2 protein chains.
Amino acid sequence: MEMPSVYLEHAVDAFAQLPGIGHKTAMRLVLHLLRQERADVLSFADALQQLVQHVHYCHVCHNITDTDTCVICANPKRDHSVVCVVEDVQDVMAIEQTQQYHGVYHVLGGVISPMDGIGPQDLQIGSLVERLQQGGINEVILALSPTMEGDTTSFYIYRKLAGIQVRITTIARGVAQNDLLHYTDEVTLGRSIVNRIEFKV
Amino acid sequence: MEMPSVYLEHAVDAFAQLPGIGHKTAMRLVLHLLRQERADVLSFADALQQLVQHVHYCHVCHNITDTDTCVICANPKRDHSVVCVVEDVQDVMAIEQTQQYHGVYHVLGGVISPMDGIGPQDLQIGSLVERLQQGGINEVILALSPTMEGDTTSFYIYRKLAGIQVRITTIARGVAQNDLLHYTDEVTLGRSIVNRIEFKV
């Protein structure tokens, strides 16, 4: 479709490169921005510039941070002997949201996915091994999504850590809160019976 | 959800202000941008800055343009005696795409919608009346969407143009190409029978 303005076209193209945003949606978003105050759009542009200029990755856990070490790694009240391995920053935020975890993290930056061309060398697995070799860590919790890619990555890390004295655990799998038993898939339900736990009140 | 970085937070907030983009989607988009080349994100920001700094509205038809007068209004090959009244810029592009129209446009910038607080004074209706009073226009095509708001706006414009010598037409309504007759709503089907046309091959 021919655009009446090259600047409009550039803005639409920029939005259309984002995942899940097609050309029509991009157009709708840009026309929305054109109806906003000029200052609001400029502050949107500014937010993007600040983002790439100031966001770092924590040199310990690879979480997103504004400083050299992230607030979690820098916090002396956290238990630095327990490391929770997650796929990305969103998972850190989701686990933090639960307020049930007081250890530290290690953000892989993805999971092994040959279909997407992501191999172990593209992830922060080497730095995890180094971190463990430095000592002081008693437990590694593998908290990856229970998908084919997540399970593959967990198994790869488990093998990589074979020579290191550390307890390796993984998050519990089972029937989710408020799920109806007869709608639960058979793999989940089967495993939740095999891996049943003591009833506690 | 607590963010590990204020810059991340600002960027997520900027995206979350866009229509149809919630907080989780905004987060996904920003994390996608963080995985891109720094130059790509900066050119995204640049596209937004250029957009608000350089995009004008044509002083004749209020279409988006980079120059004072848009390419359609400035084109001497277009029929300047026929004006097609549309809701917004996307409609101009949709009609241009058909390659069936050779007149000029008048972009209202919306339709009358009391629910959204949009009244006739918020639209380019006054400038349409002025344009017609200057003469040289034989036909006005009301090409608004066949919705409650579109019909209200068409009727309002029709009344406003009462004293002006001009042919007022509207786009044909009927069964859309490839629609199945028995799935067509009864209002559309009823009107397409009442307003039937001569069969041409």
Side-chain angles (χ1 to χ4, degrees), chain A residues 1-8 10-15 17-21 24-25 27-36 38-58 63-67 70-72 88-90 92-94 96-97 109-110, chain B residues 1-8 10-15 17-21 24-25 27-36 38-58 63-67 70-72 88-90 92-94 96-97 109-110:
Chain A
M1 196 178 287
E2 205 181 318
M3 293 271 188
S5 155
V6 290
Y7 303 105
L8 182 74
H10 291 163
V12 170
D13 288 348
F15 274 104
Q17 279 167 20
L18 296 173
I21 294 187
K24 285 210 166 182
T25 305
M27 180 57 121
R28 193 166 55 83
L29 296 179
V30 173
L31 291 179
H32 169 85
L33 285 177
L34 278 174
R35 282 191 293 267
Q36 305 308 302
R38 182 181 272 222
D40 289 348
V41 183
L42 291 177
S43 80
F44 192 146
D46 190 53
L48 292 180
Q49 286 171 337
Q50 300 279 325
L51 180 76
V52 289
Q53 276 156 12
H54 295 295
V55 160
H56 298 271
Y57 291 94
C58 173
N63 189 10
I64 283 177
T65 170
D66 294 339
T67 47
C70 77
V71 283
I72 296 171
D88 66 20
V89 180
Q90 281 169 292
V92 173
M93 286 189 275
E96 284 298 288
Q97 188 82 341
Chain B
M1 196 178 285
E2 205 180 319
M3 294 270 188
S5 155
V6 289
Y7 303 106
L8 182 73
H10 291 165
V12 170
D13 287 347
F15 274 104
Q17 278 167 22
L18 295 173
I21 294 187
K24 285 210 166 181
T25 305
M27 180 58 123
R28 194 166 54 82
L29 296 178
V30 173
L31 290 178
H32 169 85
L33 285 177
L34 278 174
R35 282 191 292 268
Q36 305 308 302
R38 181 181 274 223
D40 289 347
V41 182
L42 291 177
S43 80
F44 191 147
D46 191 52
L48 291 180
Q49 285 169 338
Q50 301 278 326
L51 180 76
V52 288
Q53 277 156 11
H54 294 296
V55 160
H56 298 271
Y57 292 94
C58 173
N63 189 10
I64 282 177
T65 170
D66 294 341
T67 47
C70 77
V71 283
I72 296 171
D88 66 19
V89 180
Q90 281 169 292
V92 173
M93 286 189 275
E96 284 298 288
Q97 189 82 338

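When reading the values below, keep in mind they use all heavy atoms of this one structure, side chains included, and skip hydrogens, waters and symmetry mates. Fair warning: this is a prediction, and the values are worked out from it, not measured in the lab. Letters A, B, ... mirror the listed sequences (proteins, then strands); counts begin at 1.
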Would Q90(B) and K24(A) count as a side chain to side chain contact (heavy atoms under 4.5 Å, CB included) if you check the C-alpha gap in whole Å, the side-chain angles of each, and the deciding distance to 0.1 Å? CA-CA 9 Å; Q90(B) 281 169 292; K24(A) 285 210 166 182; 5.8 Å; no

Side chain to side chain contact (heavy atoms under 4.5 Å, CB included) for L33(B) and F15(B)? Distances and angles first, verdict last. CA-CA 12 Å; L33(B) 285 177; F15(B) 274 104; 3.8 Å; yes

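For the set T67(A), V52(A), D66(A), the count of heavy-atom pairs under 4.5 angstrom toward chain B peaks at D66(A). Chosen from D88(B), T65(B), I72(B), L48(B), the residue pairing most often with chain A at heavy-atom distances under 4.5 Å is L48(B). The candidate from R38(A), H56(A), Q53(A) with the greatest count of non-hydrogen atom pairs under 4.5 Å with chain B is R38(A). Among V71(B), V89(B), L8(B), the residue with the largest count of heavy-atom pairs under 4.5 Å with chain A is L8(B). Looking only at heavy-atom pairs under 4.5 Å with chain A, the residue among G20(B), C70(B), A47(B), P4(B) that has the most is P4(B). In terms of heavy-atom pairs under 4.5 Å with chain A, the best-connected choice from I21(B), L31(B), L34(B), N63(B) is L34(B). Taking P19(B), C58(B), G109(B) one by one and counting their heavy-atom pairs under 4.5 Å with chain A, the maximum is reached by P19(B). Ranked by heavy-atom pairs under 4.5 Å with chain A, the first of Q36(B), H10(B), Q49(B) is Q49(B).
For H32(B), there are no ring pair (Phe, Tyr, Trp, His ring centres under 6.0 Å) partners at least two apart in sequence or on another chain. Residues meeting the ring pair (Phe, Tyr, Trp, His ring centres under 6.0 Å) test with Y7(A), sequence neighbours left out: H54(B).
For a residue to count as touching a neighbouring chain, one of its non-hydrogen atoms must lie under 4.5 Å from one of that chain's; by this rule V92(B) does not touch chain A. For chain A, the nearby parts of I64(B) are the backbone and the side chain; heavy atoms of each come within less than 4.5 Å. Residue contact with chain A, scored on non-hydrogen atoms closer than 4.5 Å, is absent for E96(B).
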